[in-house]
Amino acid sequence: MTWRAVPAHDELHRDGESLVLVDGRVQRVSALGTAVRELAAQPVGEDVLARMLEERFGAPPTGDLLTLTRAALADLVRAGLLERLED
């Protein structure tokens, strides 16, 4: 699957986290979510994204990297901050 960050009307970044304004709503985004949005500024596959997140944050202490990446992607989609593109 391929993913892309939903364009924000405005963003404020601080200490790795961000406030993102999309569709009239401001949302606080964790460092992980901010990194996903940054890395998905251009369409990116989830396998590639998982590897880039591992490079940035290290391997997860528990759980499968791809499964945890998919969970983060799902959270960002539910928040309206990321979209899945048709492959």
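Counting from 1, the numbers follow the sequence of the chain as shown. The shown structure was predicted, so the numbers you read here are calculated from the model rather than taken from an experiment.
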Taking C-beta and beyond as the side chain, do [X] and [Y] meet within less than 4.5 Å on heavy atoms?
| X | Y | value |
| --- | --- | --- |
| M52 | V44 | yes |
| Q42 | R4 | no |
| H9 | D23 | yes |
| W3 | L76 | no |
| V36 | V29 | no |
| V20 | R37 | yes |
| Q27 | L81 | yes |

request  = Please answer whether the main-chain N or O of A79 pairs with a side-chain N or O of R25 as donor and acceptor at a distance below 3.5 Å.
outcome  =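 Side chain of R25 to backbone of A79, a donor-acceptor pair under 3.5 Å: yes, one is there.
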Looking only at non-hydrogen atoms, find the nearest pair between [X] and [Y] and report the distance.
| X | Y | result |
| --- | --- | --- |
| L53 | A35 | CD2-CB, 4.1 Å |
| A50 | T69 | CB-OG1, 3.4 Å |
| G63 | P60 | O-CG, 4.0 Å |
| T34 | S18 | OG1-OG, 2.8 Å |

message = Taking E38 first and then R56, would you say they form a salt bridge - that is, a charged N and a carboxylate O separated by under 4.0 Å?
response =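 Looking at E38 and R56, the cut-off is met.
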Just how far is it from atom [atom1] of [X] to atom [atom2] of [Y], taken to the nearest 0.5 Å?
| X | Y | atom1 | atom2 | value |
| --- | --- | --- | --- | --- |
| E17 | L32 | CD | CG | 11.0 Å |
| R70 | L65 | CZ | CG | 10.0 Å |
| T62 | L68 | OG1 | CG | 7.0 Å |

message = Using the rule given for side chain to side chain contact (heavy atoms under 4.5 Å, CB included), can you reason through V48 versus E46, listing the C-alpha separation, both sets of side-chain angles and the distance that settles it, and then say yes or no?
response = CA-CA 5 Å; V48 172; E46 62 188 29; over 6 Å; no
Quick one: do [X] and [Y] end up in the same hydrophobic cluster if we chain Ile, Leu, Val, Met, Phe, Trp and Tyr together by side-chain heavy atoms under 4.5 Å apart?
| X | Y | result |
| --- | --- | --- |
| V6 | L21 | no |
| L73 | L66 | no |
| V22 | V26 | no |

key: Criterion side chain to side chain contact (heavy atoms under 4.5 Å, CB included) on T2 and R84, from CA distance to verdict   = CA-CA 6 Å; T2 304; R84 179 178 167 218; over 6 Å; no
